[in-house]
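When a ligand or atom number is given, it counts from 1 through the structure's own listing order. Atoms considered below: every heavy atom in the structure, side chains included; atoms not considered: hydrogens, waters and symmetry mates.
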Amino acid sequence: MTERTFLEVLKGKAVFPPPVWMMRQAGRYLPEYRQTRQRAGSFLDLCYTPDLAVEVTLQPIRRFGFDAAILFSDILVVPQALGRDLRFEEGVGPVMTPLDAGEVDRLQGERFHERLAPVYETVRRLREELPEETALLGFCGAPWTVATYMIAGHGTPDQAPARLFGHREPQAMERLLDRLAVCSAEYLSRQIEAGADAVQIFDSWAGVLDDASFQAWCVRPVAEMVRRVRARHPDVPIIGFPRGAGAHYAAYRRQTGVSALGLDWTVPLAQARGLQREGPVQGNLDPMRLVAGGRALEEGVDAILTALGEGPLIFNLGHGIAQETPVEHVEAMVRRVRKAER
Ligand SMILES: Cc1c2[nH]c(c1CCC(=O)O)Cc1[nH]c(c(CCC(=O)O)c1C)Cc1[nH]c(c(CCC(=O)O)c1C)Cc1[nH]c(c(C)c1CCC(=O)O)C2
């Protein structure tokens, strides 16, 4: 193999069976992750200790031989590097002090890269330790998704606090998203310079916005990020994952310029096929089919391979793997994708 298959597909080549990896592939469904996580103490200590972050990134590669490894970190290290407080509470998730409009212009940026240095170190070591054929994927959150946590101070089901903030304080929202776009593009560029082969932008809350807000808060800042990363690294593929974007998916690719589209599991396969005519797609198995296993899993895998196997496809879940997923079901999924025939 000359170039890593995963990268060839992101550049537009159709490969069958398709390369495969899973969002959140390092995580609590793996006993060895839970063990390392305990050793680290807190989740953030795990993210900021290169030895341990490298270890948990490699765990799913050793077990399942995925075609891509994704850097182990979190999207919220970016606001933390801008001086916002962050902790992860057991059973709750991320907790931050809610940002008010007056604080947007007082985000600190002087120590941004210094604070993120352990992440860059993790990427560097990963590229050294990974098998030659395994691609290394860097990532960050999209400005809108990161902003929803900064504004609410925690996860919320429909991001009402951030939507309200944006409608009441449109200028503060625009400045916040611009700032995050610039810093996040910088952050991705540094990951690439440390050894990431491709990057993914997670816009997990793209699906809660009206038409105008989707344009202003999702598309515009991500387009700016893509422009900035491309200016420095024209050949590095960028995957956009605007979860829940539905009817906006096609416009999202064209207007942001991302190289590949990550599809959530609600995207109809006929629509996915149409999107694939314009470039590579990634997805989109319902993570609950993977929890269920058996027929539900087999039918889900086969439907995706049948509908999308002909074009450039990266096989993935439609969102992160659930904690309760049996490891044997992941093995079964990988086996089924790898032995598929057309
Ligand atoms: C919204 C978001 C976050 N983080 C992320 C997103 C976007 C993708 C998505 O929608 O899932 C992205 C993320 N988070 C994590 C990764 C690592 C790489 C990977 O394996 O994909 C990635 C890519 C590790 C993590 N990030 C988190 C864990 C679990 C922490 C633990 O071990 O206790 C992991 C492995 C914690 C986290 N981090 C975040 C939340 C809401 C939570 C709590 C929910 C949960 O506990 O599952 C913020």
Side-chain angles (χ1 to χ4, degrees), residues 20-49 52-61 63-64 66 68-80 84 86-96 119 122-123 126 135-157 159 162 180 184 187-188 191 196 198-208 239-245 262-265 282-283 287 314 316-325 330:
V20 52
W21 70 283
M22 299 190 307
M23 289 188 273
R24 291 280 187 98
Q25 64 192 16
R28 288 170 295 192
Y29 74 103
L30 286 177
E32 60 269 35
Y33 171 85
R34 295 196 295 271
Q35 210 175 19
T36 314
R37 166 84 161 72
Q38 206 158 23
R39 202 143 58 89
S42 78
F43 171 67
L44 283 170
D45 285 331
L46 181 51
C47 293
Y48 290 122
T49 309
L52 300 179
V54 166
E55 168 57 24
V56 294
T57 305
L58 295 176
Q59 285 168 352
I61 306 304
R63 238 188 217 267
F64 310 112
F66 289 125
I70 182 162
L71 159 71
F72 189 84
S73 181
D74 196 79
I75 63 167
L76 298 178
V77 299
V78 164
Q80 191 179 36
R84 304 303 295 173
L86 171 66
R87 59 183 206 282
F88 282 83
E89 265 178 35
E90 218 54 60
V92 177
V95 182
M96 310 179 77
V119 178
T122 301
V123 173
L126 276 169
L136 176 57
L137 190 60
F139 76 92
C140 70
W144 160 248
T145 288
V146 171
T148 64
Y149 292 94
M150 295 173 77
I151 292 165
H154 52 83
T156 52
Q159 311 311 320
L180 288 170
S184 304
Y187 177 52
L188 290 183
Q191 291 180 33
V199 291
Q200 175 158 323
I201 301 172
F202 284 87
D203 214 344
S204 303
W205 295 108
V208 301
I239 306 168
F241 177 54
R243 184 168 73 96
L263 309 178
D264 67 79
W265 72 85
Q282 171 175 282
I314 308 271
N316 203 315
L317 307 180
H319 195 201
I321 183 172
Q323 189 181 345
E324 65 271 29
T325 308
V330 179

Describe, in one word, how the ring planes of Phe72 and Phe43 are oriented to each other, choosing from parallel (under 30°), tilted (30 to 60°) and perpendicular (over 60°). perpendicular

Looking at ligand 1, does any of its N/O atoms fall within less than 3.5 Å of an N/O of Arg243? no

Mark whether atom 44 (C) of ligand 1 lies under 4.0 angstrom from at least one protein heavy atom. no

Residue-level breakdown please: for Pro94 versus ligand 1, do any non-hydrogen atoms fall below 4.0 Å on the side chain, on the backbone, on both, or on neither? side chain

Is any N or O atom of His319, backbone or side chain, closer than 3.5 Å to an N or O atom of ligand 1? yes

Atoms of ligand 1, numbered as shown, that sit under 4.0 Å from any heavy atom of Ile75: 1 (C), 2 (C), 3 (C), 4 (N), 5 (C), 6 (C), 12 (C)

For Tyr33 and ligand 1, does the shortest N/O to N/O distance drop below 3.5 Å? yes

At under 4.0 Å between heavy atoms, which part of Arg28 makes contact with ligand 1: side chain, backbone, both or neither? side chain

Could an N or O of ligand 1 be found under 3.5 Å from any N or O of Glu90, whether backbone or side chain? no

For Trp205, is there any backbone N or O sitting under 3.5 Å from a side-chain donor or acceptor partner on Thr145? yes

Spacing of CE belonging to Met23 relative to CD1 belonging to Ile70, to within rounding of 0.5 Å: 8.5 Å

More than 12 heavy atoms of other residues, nucleotides or ligands under 6.0 Å from CD of Glu90: yes or no? no

Side chain, backbone, both or neither: which applies to Arg37 and ligand 1 if a contact is any heavy-atom pair less than 4.0 Å apart? side chain

Would one find more than 12 heavy atoms of other residues, nucleotides or ligands at under 6.0 Å from atom CD of Gln38? no

Would you indicate whether Arg39, at its atom CZ, is surrounded by more than 12 heavy atoms from other residues, nucleotides or ligands within a distance under 6.0 Å? no

Give the C-alpha distance, both sets of side-chain angles, the deciding distance and a yes or no for side-chain contact (heavy atoms from CB on, under 4.5 Å) between Gln282 and Trp21. CA-CA 10 Å; Gln282 171 175 282; Trp21 70 283; 3.0 Å; yes

Between Gln200 and ligand 1, find which residue part has any heavy-atom pair under 4.0 Å and reply side chain, backbone, both or neither. neither

Where does Leu46 meet ligand 1, judged by heavy-atom distances below 4.0 Å: at the side chain, the backbone, both, or neither? neither

